[in-house]
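What follows is one structure encoded as structure tokens, with my remarks underneath.
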Amino acid sequence: MFGKNLIIGHSEGKISDKGRIFLPSFTKPEKDDKILIQKDTYGDEAALKLIAYSEYLNMIERYRRLRDTATSLEEEQKYTKKIEDISLSLTHLTKVDAQRRIQLPKAILEKYNWSPQDTIRYDGLGESLLIRKK
């Protein structure tokens, strides 16, 4: 299952003509895994961060618990802001297909100026996968 274990490794790949990418085997993807695609950066370059939907929900829940046990208004507002920031960073929810691929949204491909001729780099970041143009 994507993101169940630490995502550690590096790989390269291509974007298909239909805007799909294969997920590297080190991410342990399974058919129908739900993955969140978030806009990110790597240095000055546009990148995407993929995280398991279940991990996203766990993050939100952890911050809700912290907010609910806050001892000051300032602390409560800090956790509320963190929840909002995480929610706003959500770009797209996708599912892994039987071939271990996901569909990248056309709007992101166009905004980032990524095309099937481009080589992309996959970098495991522990709980997430960073994708960037090489």
Side-chain angles (χ1 to χ4, degrees):
M1 173 175 268
F2 182 90
K4 183 177 182 187
N5 298 316
L6 286 178
I7 300 174
I8 300 172
H10 306 281
S11 178
E12 292 182 1
K14 294 272 187 183
I15 302 169
S16 77
D17 290 337
K18 295 181 180 179
R20 293 182 290 210
I21 59 170
F22 282 98
L23 293 173
S25 59
F26 64 83
T27 64
K28 311 272 192 276
E30 295 177 8
K31 184 181 182 305
D32 294 329
D33 281 349
K34 291 180 182 177
I35 298 175
L36 286 175
I37 300 172
Q38 296 177 310
K39 294 176 187 171
D40 206 335
T41 57
Y42 180 81
D44 292 338
E45 301 172 34
L48 297 174
K49 184 160 75 171
L50 277 56
I51 63 171
Y53 184 61
S54 58
E55 180 56 30
Y56 169 81
L57 294 176
N58 289 340
M59 279 190 293
I60 296 290
E61 185 56 33
R62 282 192 301 263
Y63 283 115
R64 281 186 180 146
R65 276 190 241 121
L66 288 168
R67 182 189 61 195
D68 293 346
T69 59
T71 57
S72 69
L73 181 59
E74 182 180 275
E75 190 178 12
E76 182 180 334
Q77 289 172 338
K78 177 178 91 173
Y79 292 125
T80 298
K81 174 83 168 100
K82 192 71 172 162
I83 292 167
E84 290 170 358
D85 290 346
I86 291 169
S87 299
L88 290 173
S89 69
L90 168 62
T91 302
H92 184 74
L93 178 62
T94 190
K95 273 188 179 180
V96 176
D97 71 13
Q99 286 77 38
R100 292 189 353 240
R101 301 174 298 189
I102 60 167
Q103 180 74 45
L104 295 178
K106 187 176 181 179
I108 289 176
L109 293 172
E110 289 173 355
K111 180 176 180 162
Y112 284 11
N113 199 27
W114 289 4
S115 69
Q117 295 79 23
D118 295 327
T119 300
I120 56 172
R121 172 99 178 153
Y122 302 96
D123 296 303
L125 302 176
E127 293 182 345
S128 63
L129 180 69
L130 187 74
I131 301 174
R132 59 188 168 95
K133 195 160 122 174
K134 185 173 177 198

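What's counted below: heavy atoms across the whole structure, side chains too, no hydrogens, waters or symmetry copies.
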Report yes if some heavy atom in the side chain of [X] is under 4.5 Å from a heavy atom in the side chain of [Y]; otherwise report no.
X	Y	answer
Leu23	Leu129	yes
Leu93	Lys34	yes
Leu50	Thr27	no

Does Lys28 come within less than 4.0 Å of Asp33, counting only side-chain N to carboxylate O?
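No salt bridge links Lys28 with Asp33.
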Roughly how far apart are [X] [atom1] and [Y] [atom2], rounded to 0.5 Å?
X	Y	atom1	atom2	value
Thr41	Lys49	OG1	NZ	9.5 Å
Thr80	Leu66	OG1	CG	11.0 Å
Ile86	Glu84	CD1	CD	11.0 Å
Ile15	Thr119	CD1	OG1	9.0 Å
Ser128	Ile7	OG	CD1	6.5 Å

Heavy-atom pair with the smallest gap, counting every atom of [X] and [Y]:
X	Y	value
Glu30	Val96	O-CB, 3.3 Å
Pro29	Arg100	CG-CD, 3.6 Å
Pro105	His92	CG-CG, 3.3 Å
Ser87	Ile60	OG-CD1, 3.9 Å
Leu130	Ala47	CD1-CB, 3.8 Å
Pro116	Ser16	CG-O, 3.6 Å

Stepwise side-chain hydrogen bond (donor to acceptor under 3.5 Å, both in side chains) test for Glu74 and Ser72:
CA-CA 5 Å; Glu74 182 180 275; Ser72 69; 5.4 Å; no
Linking I/L/V/M/F/W/Y whenever their side-chain heavy atoms sit closer than 4.5 Å, directly or via other members, would [X] and [Y] fall into one cluster?
X	Y	value
Leu57	Tyr79	yes
Leu125	Met59	no
Ile51	Ile37	no
Leu104	Phe22	no

Who are the salt bridge (charged side-chain N to carboxylate O under 4.0 Å, His left out) partners of [X], not counting sequence neighbours?
X	result
Asp40	none
Lys82	none
Arg101	Asp97

According to ring-ring contact (aromatic ring centres under 6.0 Å, His included), who are the partners of Tyr112, at least two apart in sequence or on a separate chain?
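Partners of Tyr112 by the ring-ring contact (aromatic ring centres under 6.0 Å, His included) criterion, ordered by chain and then number, come out as Trp114.
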Polar side-chain atom of Lys39 near backbone of Leu48 as donor-acceptor pair, under 3.5 Å:
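No, the answer is negative, given that no donor and acceptor are paired below the 3.5 Å cut-off.
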Answer yes or no: is there a donor N or O on one side and an acceptor on the other, between the side chain of Glu127 and the main chain of Ala52, under 3.5 Å?
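No; judged by distance alone, with no hydrogens or angles, the pair does not exist.
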Does the pair Tyr122 and Ile21 meet the rule for a side-chain contact (heavy atoms from CB on, under 4.5 Å), with working shown?
CA-CA 11 Å; Tyr122 302 96; Ile21 59 170; 3.6 Å; yes
Between Lys133, Lys134, Arg132, which is the residue that forms a salt bridge (charged side-chain N to carboxylate O under 4.0 Å, His left out) with Glu12?
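One option only clears the test, and that one is Lys134.
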Quick one: which residue pairs count as a side chain to side chain donor-acceptor pair (under 3.5 Å) with a foot in residues 53-68, not counting sequence neighbours?
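Listed by first then second residue: Glu55-Arg62.
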Evaluate whether atom CD of Gln99 has more than 12 neighbouring non-hydrogen atoms of other residues, nucleotides or ligands under 6.0 angstrom away.
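Yes.
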Count the heavy atoms belonging to other residues, nucleotides or ligands that lie under 6.0 Å from NZ of Lys4, then report whether that count exceeds 12.
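Result for NZ/Lys4: open.
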Output every pair passing ring pair (Phe, Tyr, Trp, His ring centres under 6.0 Å) with a member in residues 24-50, not counting sequence neighbours, ordered by first then second residue.
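As it turns out, there is no ring pair (Phe, Tyr, Trp, His ring centres under 6.0 Å) pair with a partner in residues 24-50 once direct neighbours are skipped.
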